[in-house]
Protein chains: 2
Amino acid sequence: MPRPTSVPVDGGPASCFDHEVLAAVLQVRQAQVHVLLWRRARPPHAGRWALPGGRLGAREDLEASISRQLAEKVDVRDLSHLEQLETLGAPHRMPTGRTLATTYLGLVPGDVEPAVPDDTRWQPADDLPRMAFDHAAIVEAARRRLRSKLSYTNLGFALAPARFTMSELATYYRAALGHEVDATNLQRILVRRQQIEATGERIGSGPAGGRPASVFRFRSPTLQVTDAFAVLHPPAR
Amino acid sequence: MPRPTSVPVDGGPASCFDHEVLAAVLQVRQAQVHVLLWRRARPPHAGRWALPGGRLGAREDLEASISRQLAEKVDVRDLSHLEQLETLGAPHRMPTGRTLATTYLGLVPGDVEPAVPDDTRWQPADDLPRMAFDHAAIVEAARRRLRSKLSYTNLGFALAPARFTMSELATYYRAALGHEVDATNLQRILVRRQQIEATGERIGSGPAGGRPASVFRFRSPTLQVTDAFAVLHPPAR
DNA sequence: CGGGGTTATCGCCTAGTAGGCGAAAACCAT
DNA sequence: ATGGTTTTCGCCTACTAGGCGATAACCCCG
């Protein structure tokens with residue numbers, strides 16, 4: 001049992017903490033998961049790449065804060081999904097003095113191109129540069145969360161454009177999951193789970209020809225869990 | 001997009017925040033989920049029931065802090081599981097001034113009886129009293145987390161005693177999941193997933209007679225996810 | 001010591017889901 | 001028309017959850 005320091009039992013002398021919010025904003029670009037990084041201009045860790053975010057405002061809600069900072073600093077306003085990840089509290093996670101960090105996973109659909117500033121870029125998540133502080137671990141946590149939620153929720157809606165063919169959708173899933181995904185199988189699964197539906201449209205195939213593909217869309221633009229996989233089901237469903 | 005207040009863009013004037021850690025410690029007692037509550041002696045919300053926890057220490061890690069406070073304040077030292085839940089940051093979640101809270105789920109095996117102080121008691125989670133601040137919502141979040149993790153991990157090890165019969169284990173699952181659980185089916189599922197194994201012992205049944213039950217145990221005392229339920233499997237497993 | 005009550009366990013069945021793969025469909029280009 | 005390409009359909013297998021009756025293994029009591 002660590003007892004690092006003498007601490008007031010209750011209502012003792014107030015101590016307060018710097019608090020920042022950070023987001024790993026992920027997007028699938030060219031069949032690869034990318035993360036939005038921001039190059040630090042000033043020390044500490046000047047020149048290293050960091051996640052966008054910053055100090056929590058004095059009267060600001062956590063989620064409002066990260067939304068604001070993404071809009072202000074990296075001009076990202078059209079997140080399709082935003083959810084809280086872990087709060088990091090290791091005392092020396094930053095050399096500048098103790099700072100708690102509440103981290104977020106943000107997702108951007110594959111067909112939008114936010115205009116990002118000069119000191120900002122989309123980096124392949126499989127090939128991270130030297131990162132500031134503990135930000136590399138946050139990216140990994142965000143990818144894990146995305147991977148698992150793709151399996152038991154409809155979170156694909158946040159990765160894909162509003163309308164898509166099954167081949168395109170399989171590309172997004174392939175990138176995010178990190179393994180082969182069969183478009184036929186994916187279609188059966190998502191239709192059975194009532195996550196996607198055909199729009200009735202067909203879209204011409206590429207220059208190489210081929211049968212034109214049906215266009216699908218997600219039924220719901222908000223997160224829903226697939227309850228068929230609660231696995232210890234209530235009886236008599 | 002909420003822009004509640006003017007906030008320094010970066011490296012502006014430091015603002016810092018009170019930070020507390022809170023835990024919903026759950027235990028199945030007499031076939032019901034109970035939560036450890038602590039009666040507030042002082043205002044605000046004097047007399048209401050609250051979750052154990054308190055201020056984060058100046059040099060203390062978050063998880064170390066909640067462990068310490070549980071040990072010091074309510075004498076709970078033998079948690080079988082502890083994991084972080086959400087961090088709450090609503091500006092007015094407490095009337096005493098802004099305080100962020102990082103919340104935890106703690107579990108205690110069903111066969112231990114921690115000696116809790118006078119101002120502390122185990123309360124059935126289905127029948128919460130008037131709670132302080134937003135603590136009722138934290139209890140609900142903890143119960144939801146427990147329910148879902150029972151389905152796709154081996155978290156049952158943290159609910160049950162080290163050794164148990166399948167009837168006993170079904171009681172724990174029944175209470176935590178909130179619906180009927182068949183002992184036969186539960187045994188097949190957990191054996192197939194290699195979460196539990198028979199010890200070879202048999203234990204005499206109750207005063208009413210009946211066939212003596214086999215004694216089982218969990219194979220691992222640490223959290224492991226059941227990967228068979230990733231649901232969008234990699235091919236050729 | 002044999003029979004009835006009780007509880008646990010086994011075995012067989014059904015239903016539902018994931019995944020593989022070949023055949024057919026529907027397009028383009030030549 | 002013919003061949004190349006991509007999508008889509010249909011059928012198959014494998015695996016998991018869940019229901020339920022039959023059997024096993026004990027207790028108690030007469």
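Letters A, B, ... mirror the listed sequences (proteins, then strands); counts begin at 1. If you're wondering where the values come from, they're calculated on a predicted model, not measured in any experiment.
Atoms CD (A:E168) and C1' (D:dT7) sit 13 Å apart, rounded to a whole Å. For B:L177 and D:dA17, the CG to C1' distance is 14 Å, given to the nearest whole Å. Rounded to whole angstrom, the span from the CD atom of A:Q195 across to the P atom of C:dT17 amounts to 13 Å. Put simply, CZ on A:R193 is 9 Å from C1' on C:dT17, counting in whole angstrom units. Atom CD of A:Q194 and atom P of C:dT17 are 10 Å apart (whole Å). Rounding to whole angstrom units, CG of residue B:D182 and P of C:dT7 are separated by 15 Å. Taking atom CG of residue A:N185 and atom P of nucleotide D:dG10, one finds them 16 Å apart after rounding to whole Å. Computed from coordinates, the B:I203 CD1 to D:dC27 P distance equals 13 Å when rounded to whole Å.
Look at B:R192 and you'll find a side-chain N or O under 4.0 angstrom from OP1 or OP2 of D:dA17.
The ring of A:F218 has its center closer than 6.0 angstrom to the ring center of A:F164.
Annotation for A:R217 and A:T199: closest pair NH1-CG2, 3.6 Å, computed over non-hydrogen atoms. Considering all non-hydrogen atoms of both residues, B:Q194 and B:R219 come closest at O-CD, 2.9 Å. Residues B:A176 and B:L159 approach most closely at CB-CD2, 3.8 Å, considering heavy atoms.
Judged by the 6.0 Å and 45° rule, B:R121 forms no cation-pi pair with B:W38.
Remark: A:R93 does not engage B:D61 in a salt bridge, criterion side-chain N to carboxylate O under 4.0 Å.
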Set out, line by line, the N/O atom pairs under 3.5 Å between protein and nucleotides 9-12 of chain C.
residue : atom : partner : partner atom : Å
C:dT9   : OP1  : B:S214  : N            : 2.5
C:dT9   : OP1  : B:S214  : OG           : 3.0

